[in-house]
K.L.:
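Handing you this structure, nothing more for now.
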Amino acid sequence: MEYSSRSIEKKWQEYWKQNRSFEPSTDFSKEKKYILSMFPFPSGRLHMGHVRNYSISDAFARHYRQQGLNVLHPIGFDSFGMPAENAAIKNGSHPKGWTYDNIDYMKNEFYALGFSFSREREMATSDELYTKFEQSFIIDMYEKGLLYRKKGMLNWCPHDQTVLANEQVVDGCCWRCDTPIVKKDMNQYYFKITQYSDELLGDLSKLEAGWPKQVLTMQENWIGKSNGLEFDLHFDEASKAKLSAAFERFDVFTTRPDTIYGVSYTALAPEHDIVTYMCENKLLSQESIAEITAMKNTSSIDRQKEKKGLSLGLDVIHPLTGAKIPVWIANFVLMDYGSGAVMAVPAHDERDFDFAKKYDLPINAVIKPLEGELDINAAFTEVGILFNSAAFDGMNSKESQSHVIDYFEANKIGKRTTNYKLKDWGVSRQRYWGAPIPFIHCDSCGLVMEKKENLPIALPEDIEITGEGNPLDKHPTFKHCKCPKCGADATRETDTMDTFVESSWYFLRFCADASNWESEAFSKEQIAYWMGVDHYIGGIEHAILHLLYARFFTKVFRDLGYINFDEPFDKLLTQGMVLKDGSKMSKSKGNTVDPDAIIEKYGADTARLFILFAAPPTQELEWNDSGVEGAHKFIKRFYDRSSNIVATQTIPLIAHATLNKEEKFARKKVYEALTRANDVFAERYTFNTMIAGVMEAMNALNTQNNSDVWSEGYWILTSIMEPVIPHVAWEISEKYFSCNNLSVQKVLEEVFVEESIMLGVSINGKRRAEIEVAADESEANIIQIAKDAAAKWLEDAVIVKEIVVPKKLVNIVIKG
RNA sequence: GCGGAUGUGGUGAAAUUGGUAUACACGCCAGACUUAGGAUCUGGUGCCGUAAGGUGUGGAGGUUCAAGUCCUCUCAUCCGCACCA
């Protein structure tokens with residue numbers, strides 16, 4: 001029978017659905033595997049990146065099911081977010097309708113690809129039931145002091161009309177629409193992720209075995225811990241007088257306390273309080289104030305182009321020498337790191353050096369190289385020997401650091417401090433299509449939490465989306481409510497949550513049996529059984545944001561007593577991008593390949609086979625039409641040659657010794673493929689080599705016509721390939737084996753035993769001949785046979801050394 | 001600038017601990033079947049050379065009987081972070 005992807009795939013998709021084949025068991029005594037791929041945003045249709053993502057996770061899920069494990073392989077949709085609103089503005093659709101239509105369409109695509117998701121645990125984060133529990137968690141976090149509201153300078157995207165977290169600002173532009181962001185002063189809710197900075201950093205070491213190094217490094221850099229010295233710089237009397245005693249000192253942080261004697265000026269950020277005070281009280285010239293205002297309004301990218309600054313006409317006292325040090329403003333000093341003020345050591349810091357050169361400030365060297373002369377035309381930033389540093393003279397600069405800090409601490413003029421680049425996570429968004437923040441503003445009670453029994457605070461559906469401002473603000477009733485505390489008229493918070501909040505705990509929700517979804521988010525017992533996620537698969541683009549937030553939520557939930565582990569994802573696999581013609585598939589480049597069209601033309605199995613065969617999962621994958629043809633050809637041949645099988649209910653028992661050479665070779669190749677497949681699933685994840693092994697075995701089976709060898713071969717190969725090409729595998733397996741082979745297969749060592757083996761013969765490391773020897777041939781005989789085979793190269797030569805590498809080669813070292 | 005990766009045939013890629021480099025597939029070439037082939041099957045295919053042979057994993061050195069693999073230096077490309085004091 002001719003291979004027809006359409007009828008076979010339809011048949012099995014229907015069968016799996018009818019038989020609830022992929023629902024996890026609630027029997028918690030069984031060994032489990034939780035296989036999770038990052039859930040998609042319902043943008044409309046699947047793209048090849050999705051197909052790759054879910055083909056990988058599905059291969060794991062199906063493999064573990066064959067092993068008899070209880071497998072959770074769920075799917076959901078990260079369905080809140082701006083694109084739904086943007087589509088609404090563009091097409092006049094409703095965000096909800098647009099979202100759920102897309103979900104329906106994409107679900108059909110998933111099942112047309114044969115992915116073995118649990119249908120019963122499907123959900124979308126915009127479901128009211130999901131919002132209900134999320135709002136409840138938000139209230140818990142607020143009560144724990146992990147959520148707070150404050151006024152601050154925020155990243156504002158003028159195009160999307162919303163606030164962005166620091167993590168969502170890419171090169172000074174909005175991560176979604178690429179519009180340059182501006183700073184805006186407004187109220188915003190924050191998660192206190194910084195309270196967990198140290199743990200988020202420290203626990204990365206627990207992930208070393210299961211996470212790619214690259215991701216660990218990215219998170220480490222993002223958290224950005226640095227240790228150093230913090231101390232106060234006091235103004236001199238004249239400066240204090242100038243400031244009308246409003247300020248007596250300011251705080252600075254340095255990671256280079258060893259350079260303390262080289263401080264020759266200090267610099268404040270243009271946004272610093274002292275600067276603001278001086279501007280407001282006209283303590284600076286009109287010209288200077290204008291310059292400062294211009295600095296503040298310059299985007300962070302432009303600020304980096306050129307160092308600029310000006311003198312404030314103030315002086316502070318050096319804490320150790322008592323010398324007067326001028327105070328400047330510098331555009332490279334960041335207000336949101338440390339205290340927004342730095343001590344400047346131009347001799348040993350490149351930025352300070354450039355600034356000092358430009359404004360002709362003194363440069364005081366205090367460290368000289370370990371060897372050679374100090375070059376005074378550049379900042380010397382390496383480790384060296386201290387000089388001009390009073391009691392610390394002669395010390396190694398690196399080693400002196402803690403001595404300097406000790407001295408500051410002993411004299412109570414400074415202290416050891418740690419600083420982080422990580423900032424608190426701003427989570428409120430001025431958008432409609434998100435989970436409402438369940439808070440109420442009351443004139444007399446202030447900020448009040450909604451009562452839990454009133455959750456969810458659901459989004460009203462009768463809204464008008466114009467693209468300007470937040471539709472919830474303009475809604476006739478949503479905003480108006482009673483204060484849960486005093487009962488007076490109050491206003492409901494109209495900000496909604498960043499969609500990263502939803503994706504920070506969805507993997508916990510999946511652990512809950514859908515039958516309990518109404519009453520609880522998840523149960524402790526369910527979480528204890530299913531978590532952590534054994535394999536988490538997704539794109540590298542989530543290396544920082546999503547993965548950091550999910551780790552943060554896990555720790556918070558632990559501290560709230562919901563769960564009792566520290567890290568959610570045991571193993572992380574970051575898949576490479578899908579490229580076409582050398583660049584990432586994207587609509588704007590017009591180089592996309594529509595999965596639907598591939599399924600239509602070749603079938604789901606072909607798409608899955610190609611995508612897993614073309615490259616290892618972590619590497620980029622170049623789409624190649626003739627490669628797809630090749631994958632399709634293999635499936636056709638795989639299906640076609642199955643006619644060589646004799647139907648059987650158990651694996652055929654074969655007397656290996658009675659077989660001919662080709663038959664033995666075929667069996668060996670089959671079991672080699674099995675060994676490799678086991679290894680691939682256990683640790684290497686290189687499905688391309690697993691598939692290549694199966695292809696080799698097929699080629700070897702083809703050279704013989706023993707029907708038992710064919711049957712045994714297919715019994716095993718079909719089992720190996722089921723995770724990759726499930727439809728055709730089940731079809732063959734049902735027809736000949738009643739699906740009995742879709743289970744753990746045992747490796748038979750006997751097929752690897754060989755009577756004779758081939759050895760390469762090298763002379764001085766150069767391959768010269770090949771010999772066939774008995775498997776148990778003595779080393780002396782092997783050397784003799786090798787010498788005979790390579791006699792031509794050994795004439796007139798003196799043999800220096802003879803090396804036999806068992807089962808591999810013989811190397812003879814000669815002279816002359 | 002800092003950090004992380006990656007460089008192997010015409011192409012996607014193999015080579016798990018240093019041990020016969022290029023498995024598997026695409027492409028190409030030849031042949032078979034065929035009215036026909038963008039179907040199927042068989043064989044060939046790193047490069048130079050008629051051959052013997054030489055040469056070959058970005059480049060240059062080194063360690064070793066033996067290096068794609070280890071060490072030193074270097075070049076190129078990609079990704080992340082980036083005035084973080």
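Hydrogens, waters and symmetry mates are skipped; everything else that's a heavy atom, side chains included, is used. Keep in mind that this is a model prediction, so the values were computed, not measured.
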K.L.:
For the side chain of A:Ala692, starting at C-beta, report the closest nucleotide among B:C24, B:C81, B:G80.
P.N.:
B:C24
K.L.:
Would you please indicate if the ring centroids of A:Phe355 and A:Trp328 are separated by under 6.0 Å?
P.N.:
yes
K.L.:
If you check every side-chain atom of A:Arg637, which of B:C41, B:U20, B:C24 has the closest atom?
P.N.:
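Between B:C41, B:U20, B:C24, the one nearest the side chain of A:Arg637 would be B:C41.
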K.L.:
Measuring only the C1' atom in each nucleotide, how far is B:U34 from B:U42? A whole number of Å is fine.
P.N.:
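15 Å, rounded to whole Å.
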K.L.:
Does the side-chain contact (heavy atoms from CB on, under 4.5 Å) test come out yes or no for A:Met343 and A:Thr259, once each step is laid out?
P.N.:
CA-CA 10 Å; A:Met343 65 174 220; A:Thr259 63; 3.6 Å; yes
K.L.:
Looking only at non-hydrogen atoms, find the nearest pair between A:Pro326 and A:Ser264 and report the distance.
P.N.:
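Here A:Pro326 and A:Ser264 meet closest at CD-O, 3.5 Å.
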K.L.:
Hey, does A:Val342 reach any base, or is it just sugar-phosphate, or nothing, if we go heavy atoms under 4.0 Å?
P.N.:
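Base contact.
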K.L.:
Counting any heavy atom closer than 4.0 Å, what does A:Ser226 reach on the DNA or RNA strands: base, sugar-phosphate only, or nothing?
P.N.:
sugar-phosphate
K.L.:
When you match A:Phe332 and A:Gln214 each to their closest nucleotide on RNA chain B, which lands nearer the 5' end?
P.N.:
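Closer to the 5' end of RNA chain B: A:Gln214.
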K.L.:
With rounding to the closest Å, how many angstrom separate the P atoms on B:A13 and B:G31?
P.N.:
33 Å
K.L.:
OP1 or OP2 of B:C41 sitting under 4.0 Å from any side-chain N/O of A:Arg641?
P.N.:
yes
K.L.:
In whole angstrom, give the distance that lies between atom CE of A:Met577 and atom P of B:U6.
P.N.:
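About 16 Å, once rounded to whole Å.
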K.L.:
For residues A:Val342 and A:Thr254, determine if any side-chain heavy atom of one lies less than 4.5 Å from a side-chain heavy atom of the other.
P.N.:
no
K.L.:
Find the distance A:Ile405:CD1 to B:A85:P and express it as a whole number of Å.
P.N.:
13 Å
K.L.:
If you find the nucleotide of RNA chain B closest to A:Phe253 and the one closest to A:Lys633, which residue's nucleotide is nearer the 5' end?
P.N.:
A:Lys633
K.L.:
Provide a list of protein-nucleic acid N or O atom pairs under 3.5 angstrom, restricted to nucleotides 13-19 of chain B.
P.N.:
unit_1 : atom_1 : unit_2   : atom_2 : d
B:A13  : OP1    : A:Gln619 : OE1    : 3.3
B:A13  : O3'    : A:Asn688 : ND2    : 3.4
B:A14  : OP1    : A:Asn688 : ND2    : 3.1
B:A15  : OP1    : A:Arg684 : NH2    : 2.8
B:U16  : O2     : A:Asp679 : OD2    : 3.4
B:U16  : N3     : A:Asp679 : OD2    : 3.3

K.L.:
Check the distance between B:G4's P and A:Glu208's CD and give it to me in whole angstrom.
P.N.:
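After rounding, the reported distance stands at 13 Å.
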K.L.:
Can you tell me how far C1' in B:A23 sits from the matching atom in B:U40, rounded to whole Å?
P.N.:
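My reading of the C1' atoms in B:A23 and B:U40 gives 25 Å.
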K.L.:
Roughly how many Å apart are B:A36 and B:G49, using the C1' atom of each and rounding to a whole number?
P.N.:
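B:G49 and B:A36 have their C1' atoms separated by 40 Å.
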K.L.:
Quick one: label A:Lys308 by what it contacts on the DNA or RNA (base, sugar-phosphate, nothing), any heavy atom closer than 4.0 Å.
P.N.:
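Counting heavy atoms under 4.0 Å across all strands, no contact is made by A:Lys308.
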K.L.:
Nearest to the A:Arg768 side chain among B:G53, B:G80, B:C84, which nucleotide is it?
P.N.:
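Closest of the options to the side chain of A:Arg768: B:G53.
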K.L.:
Only one of A:Glu629, A:Lys636, A:His632 passes side-chain hydrogen bond (donor to acceptor under 3.5 Å, both in side chains) with A:Tyr602; say which it is.
P.N.:
A:Glu629
K.L.:
Within a strict 4.5 Å, meaning less than it, do heavy atoms of the A:Leu609 and A:Ile635 side chains meet?
P.N.:
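A:Leu609 vs A:Ile635: side chains touch.
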K.L.:
When rounded to the nearest Å, what value does the distance between P atoms of B:C73 and B:C79 take?
P.N.:
26 Å
K.L.:
Do you see a donor-acceptor pair shorter than 3.5 Å between the side chains of A:Asn419 and A:Ser226?
P.N.:
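There is no such pair (donor and acceptor under 3.5 Å, judged by atom type) between the side chains of A:Asn419 and A:Ser226.
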K.L.:
My understanding is that only residues two or more places apart in sequence, or in another chain, count here; which of them pass side chain to side chain donor-acceptor pair (under 3.5 Å) with A:Asp258?
P.N.:
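If we apply the side chain to side chain donor-acceptor pair (under 3.5 Å) test to A:Asp258, skipping adjacent residues, the hits are A:Arg256, A:Gln401.
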K.L.:
Distance-only, no hydrogens or angles: does the A:Asn331 side chain make a donor-acceptor pair with backbone N or O of A:Glu306 under 3.5 Å?
P.N.:
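Pair found, side chain donor or acceptor close to backbone of A:Glu306.
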K.L.:
How long is the span from the CD1 atom in A:Ile367 to the CD atom in A:Glu382, to the nearest 0.5 Å?
P.N.:
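These two atoms lie 10.5 Å from each other.
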K.L.:
Expressed as a whole number of angstroms, how long is the span from A:Asn624:CG to B:C24:P?
P.N.:
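The distance from CG of A:Asn624 to P of B:C24 comes to 18 Å, rounded to the nearest Å.
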K.L.:
Determine the interatomic distance between C1' on B:G10 and the same-named atom on B:C47; round to the nearest Å.
P.N.:
12 Å
K.L.:
With the side chain of A:Thr217 defined as its heavy atoms from C-beta on, choose the nearest nucleotide among B:G3, B:C81, B:C84.
P.N.:
B:G3
K.L.:
Using whole Å, what does the distance between atom C1' of nucleotide B:C81 and atom NZ of A:Lys421 come to?
P.N.:
7 Å
K.L.:
Expressed as a whole number of Å, how far does the C1' atom of B:A76 sit from that of B:A32?
P.N.:
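Those two atoms are separated by 47 Å.
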K.L.:
What's the CD1-P distance between A:Ile812 and B:U20, to the nearest Å?
P.N.:
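It works out to 16 Å between those atoms.
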K.L.:
Which part of the nucleic acid does A:Trp793 contact within heavy-atom distance under 4.0 Å: base, sugar-phosphate only, or nothing?
P.N.:
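Contact class for A:Trp793: sugar-phosphate only.
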K.L.:
Tell me which nucleotide among B:C84, B:G3, B:A5 gets nearest to the side chain of A:Lys213.
P.N.:
B:A5
K.L.:
Select base, sugar-phosphate, or nothing to describe what A:Val333 touches, counting heavy atoms under 4.0 Å on all strands.
P.N.:
base
K.L.:
Counting Watson-Crick and G-U wobble pairs whose two distances are both under 3.5 Å, find the runs of 3 or more in a row that involve RNA chain B.
P.N.:
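For RNA chain B the paired stretches long enough to count as stems (3 pairs minimum) are B:1-7 with B:75-81, B:10-12 with B:24-26, B:27-32 with B:40-45, B:46-48 with B:53-55, B:58-62 with B:70-74.
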K.L.:
In this structure, how many angstroms lie between the P atom of B:A25 and the CD atom of A:Glu629, rounded?
P.N.:
16 Å
K.L.:
Output the distance between atom CZ (A:Phe380) and atom NE2 (A:His348), rounded to the nearest 0.5 Å.
P.N.:
8.0 Å
K.L.:
Hydrogens and angles aside, do A:Ser756 and A:Glu772 bring a side-chain donor and acceptor to less than 3.5 Å of each other?
P.N.:
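A:Glu772 and A:Ser756 do have a side-chain donor-acceptor pair below 3.5 Å.
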K.L.:
Within this structure, what is the CG-to-P distance between A:Leu216 and B:G3, rounded to whole angstrom?
P.N.:
17 Å
K.L.:
Quick one: label A:Lys766 by what it contacts on the DNA or RNA (base, sugar-phosphate, nothing), any heavy atom closer than 4.0 Å.
P.N.:
sugar-phosphate
